[in-house]
Amino acid sequence: MTRFDGAVSPAFEIVEPAEWRAPVIFNSPHSGSTYPDEFLAASRIDVPQLRRSEDSFMDELIGHLSDRGFPTVRVNFPRSYVDVNREPYELDPRMFTGRLPSFANTRSMRVAGGLGTIPRVVGDGQEIYRERILVDDALARIETLYKPYHRALRRLINKVHQMFGTVVLVDCHSMPSVGVSRDEPRRPDVVIGDRYGTSCAPLLPDRVEETMTGLGYSIGRNKPYAGGFITEHYGNPASGLHAVQLELNRAIYMDERRRERGPRFAQVARDFGVLADVLATTIPFGDLGPFQAAAE
């Protein structure tokens, strides 16, 4: 975890492989741990509490995949500052001083829960800010961090699409081992989200489940996480664009209380390598391209 004065630099990093093996992109949008000083000064909670929203170390678990022939993407600013896995303007008017733009989505379920593009709370529900923040400050974060990330991700997706005729985006996240609700059953080791079958071809989550089950992981599908904005926005199977979300149980690879790498960390990283290799060698990518319209 690092702190920087002023802007976060670089805001995100894309590492392309020297030799491409397959049209599979691994993305970590929520592992950022660079906290701007002005954000910390405005927060009513301390850094350890802010970090409860992080998908800590997920970028490290997939970082080595660029050496194996797969592009990787990591965001360096924290999701509690700007969440790129939201629509660009999911904003809670109760948080801001000033008038929000008319096109802002102020009524989404994520905004209601305090987890919009500029979050109001951290993962366990604690309020972040001491007082309201300026609308212009929020919009500046979106312009300087959120939008450049999505432009860069879109360029990468387009590049891969042109090279291979199809794209598979694996959006990598982590989840607390225990849910907020006492009624929620024990969470599995991995939850695969495909927006209930709409963000990718069925073969992809099936192959992920087969592979991870074979490696000893318990698997869930779409509950409690079906995939966020990235999975929904970039997953368009009819155009040859496939997106699947992976939520990894944090207890598998880290000490959640101390926020430290656990004894299985290296093995989990190797297992991501196995998964990447399986996708590269067993998925018939030629069958995942844009659907051809029937001749009239």
Checklist entry - When you measure from the side chain of Thr117 to the backbone N and O of Glu87, does any donor-acceptor pair fall under 3.5 Å? => result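 Flag set: sc Thr117 to bb Glu87 pair under 3.5 Å.
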
Any donor-acceptor N or O pair under 3.5 Å, side chains [X], [Y]:
| X | Y | value |
| --- | --- | --- |
| Asp189 | Ser218 | yes |
| Ser43 | Arg130 | no |
| Glu13 | Asn76 | yes |
| Gln267 | Arg270 | yes |
| Arg74 | Ser28 | no |

Item to check | Charged N-O contact under 4.0 Å between Glu247 and Arg187 | outcome: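 So Glu247 does not pair with Arg187 through a salt bridge.
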
Checklist outcome for this item: Value for OH (Tyr217) from CG (Leu248), rounded to nearest 0.5 Å, stands at 6.5 Å

Checklist entry - So how far is it from Arg68 CZ to Phe26 CZ, rounded to the nearest 0.5 Å? => result 9.5 Å

Next on the checklist: Apply side chain to side chain contact (heavy atoms under 4.5 Å, CB included) to residues Ile230 and Asn27 and explain how you reach the verdict.
Outcome noted: CA-CA 10 Å; Ile230 290 172; Asn27 180 49; 3.8 Å; yes

Checklist entry - Quick one: does Arg79's side chain get under 4.5 Å of Asn85's, heavy atoms only? => result no

Checklist entry - How about His150 and Phe229: are their ring centroids closer than 6.0 Å? => result yes

Checklist entry - So, do Tyr35 and Tyr81 have ring centers that fall under 6.0 Å from each other? => result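 No, they do not, as the ring centres are separated by 6.0 Å or more.
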
Checklist entry - side chain to side chain contact (heavy atoms under 4.5 Å, CB included) between Lys159 and Phe164: does it pass, once the steps are laid out? => result CA-CA 9 Å; Lys159 177 177 181 176; Phe164 292 94; over 6 Å; no

Checklist entry - Between Tyr253 and Phe57, how do the two ring planes meet: parallel, tilted or perpendicular, split at 30° and 60°? => result perpendicular

